[in-house]
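Shown next, in structure tokens, is the structure this report addresses.
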Amino acid sequence: MNLVTLLQQQARTRPDAAALIEGRGRARRVTTFADLERRSQNAAARLRAAGLRPGQPVLIFQPMSAGLYVALVAVFRLGAVAMFLDPSAGRAHLARCCTLSPPVALLASPRALWLRLISPSLRRIPRHFRLGGWAPWAPPLEISIPSVAQTIVDVDSSAPALLTFTSGSTGEPKAAMRSHGFLIAQYQALAESLALAPGQIDLATLPIFVLANLAAGVTSVIPAADLRRPGAIKAEPVVEQLRAEGATRSAASPAFYERLLAEVGDEPRALAPLSGIYTGGAPVFPRLLERLSVSVASGGRAVAVYGSTEAEPIAHIAWDEISPADREAMRAGKGLLAGPPVPQIELRIVPDRWGTVLGPWSGAEFAHQWLPAGVGGEIVVSGDHVLPGYLGGRGDAETKFSVDDRRWHRTGDAGWLDAQGRLWLLGRCAARIEDRRGVLYPFAAECAAQEVHGVRRAALLAVGKERWLAIEAVPGGQPDPSALASITQASDIDRTVVVRAIPVDARHNAKVDYPALRRLLGGRRPERK
């Protein structure tokens, strides 16, 4: 089944409803579900006439916009494969990705098309189309074609649909290929976890969530902001936009919401009319979740969602589901509560053997690997919306294993399940510290430090034979020394240092960039605890 049939149902039942809203004031543009259907039909006809066929990869370079989804749906309609990669990762990364899966066409914004001047990999792509505007040597993708046949190529659920790449910063990039069946299963899991319903208005920042919105009949408002750096957006236009459009829900990274809260403050209902906020892609600590729960409209909820590129979602929990005892456990270094696993996924905790190959096992052999409640280990998952493998098998040995005829994914995260079956996160398996004092998962101590008054961000790492805790204070604040002392004592931390800013990842602006932090600390003399 081609996943476009889900989108087509919305065009038939809600043709005049807004599917996508972008821009503000005179620049505001609305694309209805009928518009999206018509435009994607025309674009698909254009690509078909250019010789594109099912299964062929098509590289798309376009920011979140109606044009992006017209191009994406057109590619899906043909049974071709939509290919995405991060051009900011550099020419070498782009070349490696295009070698792994050579695209037959490039669909790009005029700005992105200029990359052809410096990239032989892009110039070698046979067909180029521009998405809006003007650029040389690239005809427009969207032109009016009368009497276009409403053809949607019928594909098997295992047919490839969406191809993305890891950054490859530590080696060759891995290619994550999602099938039509995978994307439909992911939509069903997201629709339930995010309580999607037709007629809702969503301030949407994550491209895959917009795809789920389109299938569910939800209107997506694309923020008037540069979403490439969510932690540095100008919040005022976004707040004005969500209020003007009457957005009732939103899904974004923690850094994005921190920027909105910095604009509106911590007054009750400051982000109304939002009544549902869903945040993930990076650790969501209790303090932020509590602030968001206060900011939503009366009766609304703030929900933390845990997942990954290979499995989204895995678990979620709302602020009103976290008890005082849960928060005290997080302060005591038990980890970050992620909530119960979603019904569509199977999740187990096995001994942490990250870096070694697991399986294959029989079902009985695998059952002997499961750790009981309260014992920490490696988080492994399986399900219809869990990526079964990478293109060409590159990376499968490290992250996949088989149980009978079923595929399991190793998240690379450590955690434990409590007596209620809820998942607690301990951080990355690769970050585990093993020294003469035993085993320590840094994230558990970081989570505890995040609860200390005056701390904005915390990071723990091993430096030589010592455990160092880096602290970034809130602007104008001073971390509580006695609270920090209890954490350093509990985790047997050797040294603490306050830095101006802890480096974070470029994508979500919320995950600690440990290599950059290590370089930063190398130039300082830390203070003893």
Side-chain angles (χ1 to χ4, degrees), residues 1-14 17 19-20 33 36-37 69 72-73 75-77 79 81-82 152 154-164 176-202 204-220 248-252 276-281 301 303-318 338-347 380-389 406-409 411 421 423:
M1 173 180 171
N2 193 313
L3 67 92
V4 174
T5 57
L6 296 178
L7 281 60
Q8 191 178 56
Q9 290 171 11
Q10 297 301 332
R12 289 173 176 169
T13 59
R14 313 181 71 252
L20 299 159
F33 285 97
L36 182 61
E37 172 76 359
Y69 290 96
L72 182 60
V73 175
V75 171
F76 288 159
R77 295 180 79 96
V81 180
I152 297 177
D154 187 24
V155 295
D156 186 82
S157 62
S158 62
L162 182 64
L163 178 62
T164 60
M177 181 72 83
R178 300 164 182 82
S179 67
H180 283 262
F182 177 97
L183 291 175
I184 291 170
Q186 184 177 57
Y187 156 67
Q188 292 167 343
L190 286 171
E192 182 173 335
S193 296
L194 305 182
L196 300 180
Q200 294 174 329
I201 302 175
D202 186 1
T205 68
L206 307 172
I208 197 67
F209 282 33
V210 173
L211 196 58
N213 285 348
L214 293 174
V218 173
T219 298
S220 296
T248 55
R249 54 181 298 118
S250 177
I277 286 181
Y278 301 84
T279 182
R301 304 181 91 197
V303 180
V305 181
Y306 166 61
S308 68
T309 298
E310 296 83 359
E312 179 75 65
I314 293 176
H316 57 75
I317 192 164
V342 299
Q344 296 84 357
I345 209 165
E346 283 194 61
L347 183 148
V380 298
V381 294
S382 182
D384 290 341
H385 72 286
V386 177
L387 193 73
R406 189 165 191 179
R407 200 77 155 156
W408 284 74
H409 172 67
T411 64
L423 178 65

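Heavy-atom basis, side chains included; hydrogens, waters and symmetry copies ignored.
Remark: Glu312 CD to Leu206 CG distance equals 8.0 Å, nearest 0.5 Å. Going from atom CD1 of Ile184 over to atom OG of Ser157 covers 8.0 Å, rounded to the nearest 0.5 Å. Once rounded to the nearest 0.5 Å, the distance linking NE2 of His316 with CG of Leu423 reads 12.0 Å. Note that CD of Gln8 is 13.5 Å distant from CG of Leu214, once rounded to the nearest 0.5 Å.
Of all non-hydrogen atoms in Leu387 and Met177, the two that sit nearest each other are CD1-O, 3.1 Å. The heavy-atom pair separating Pro341 from Ala315 by the smallest distance is CA-CB, 3.9 Å. Between Asn2 and Gly79, the shortest heavy-atom distance links the atoms ND2-N, 4.3 Å. The two atoms that bring Ala338 and Tyr306 nearest to each other are CB-CB, 4.2 Å, heavy atoms only. Contact detail for Pro313 and Val305: the closest heavy-atom pair is CB-CG1, 3.9 Å. Smallest separation of non-hydrogen atoms from Ala185 and His385: C-CB, 3.9 Å.
Between Leu196 and Arg249, the closest side-chain pair of non-hydrogen atoms falls below 4.5 Å. Thr164 has its side chain within reach of Arg178: a pair of non-hydrogen atoms, C-beta onward, lies under 4.5 Å apart. Side-chain contact between Leu6 and Met1 is present, with heavy atoms from C-beta onward closer than 4.5 Å. Residues Leu162 and Ile208 form a side-chain contact, since some pair of their non-hydrogen atoms from C-beta on lies under 4.5 Å apart.
Here the side chain of Arg14 pairs a donor or acceptor atom with the backbone of Gly217 at under 3.5 angstrom. The backbone N or O of Ala251 lies less than 3.5 Å from a partner atom in the side chain of Thr205, making a donor-acceptor pair. At distances below 3.5 Å, not a single donor-acceptor pair connects side-chain atoms of Thr279 with backbone N or O atoms of Ala304. Here the side chain of Gln10 pairs a donor or acceptor atom with the backbone of Ala215 at under 3.5 angstrom. Side-chain N or O atoms of His180 include one that pairs as donor or acceptor with a backbone N or O of Leu3 at under 3.5 Å.
Exactly one of Leu7, Leu183, Val81, Ile152 qualifies for a side chain to side chain contact (heavy atoms under 4.5 Å, CB included) with Phe76. That residue is Leu183. Of the options Glu192, Gln188, Gln186, a side chain to side chain donor-acceptor pair (under 3.5 Å) to Gln344 is made by Glu192 and by none of the others. Shown are Val218, Ile201, Leu20; of these, the side chain to side chain contact (heavy atoms under 4.5 Å, CB included) with Asn213 is made only by Val218.
Every side-chain contact (heavy atoms from CB on, under 4.5 Å) that Ser179 has, sequence neighbours left out, goes to Phe182. Applying the side-chain contact (heavy atoms from CB on, under 4.5 Å) test to Ser250 and every residue at least two apart in sequence or in another chain returns Asp202, Leu203, Tyr257, Leu274. Here Pro207 pairs with Met64, Tyr69 under the side-chain contact (heavy atoms from CB on, under 4.5 Å) rule; sequence neighbours left out.
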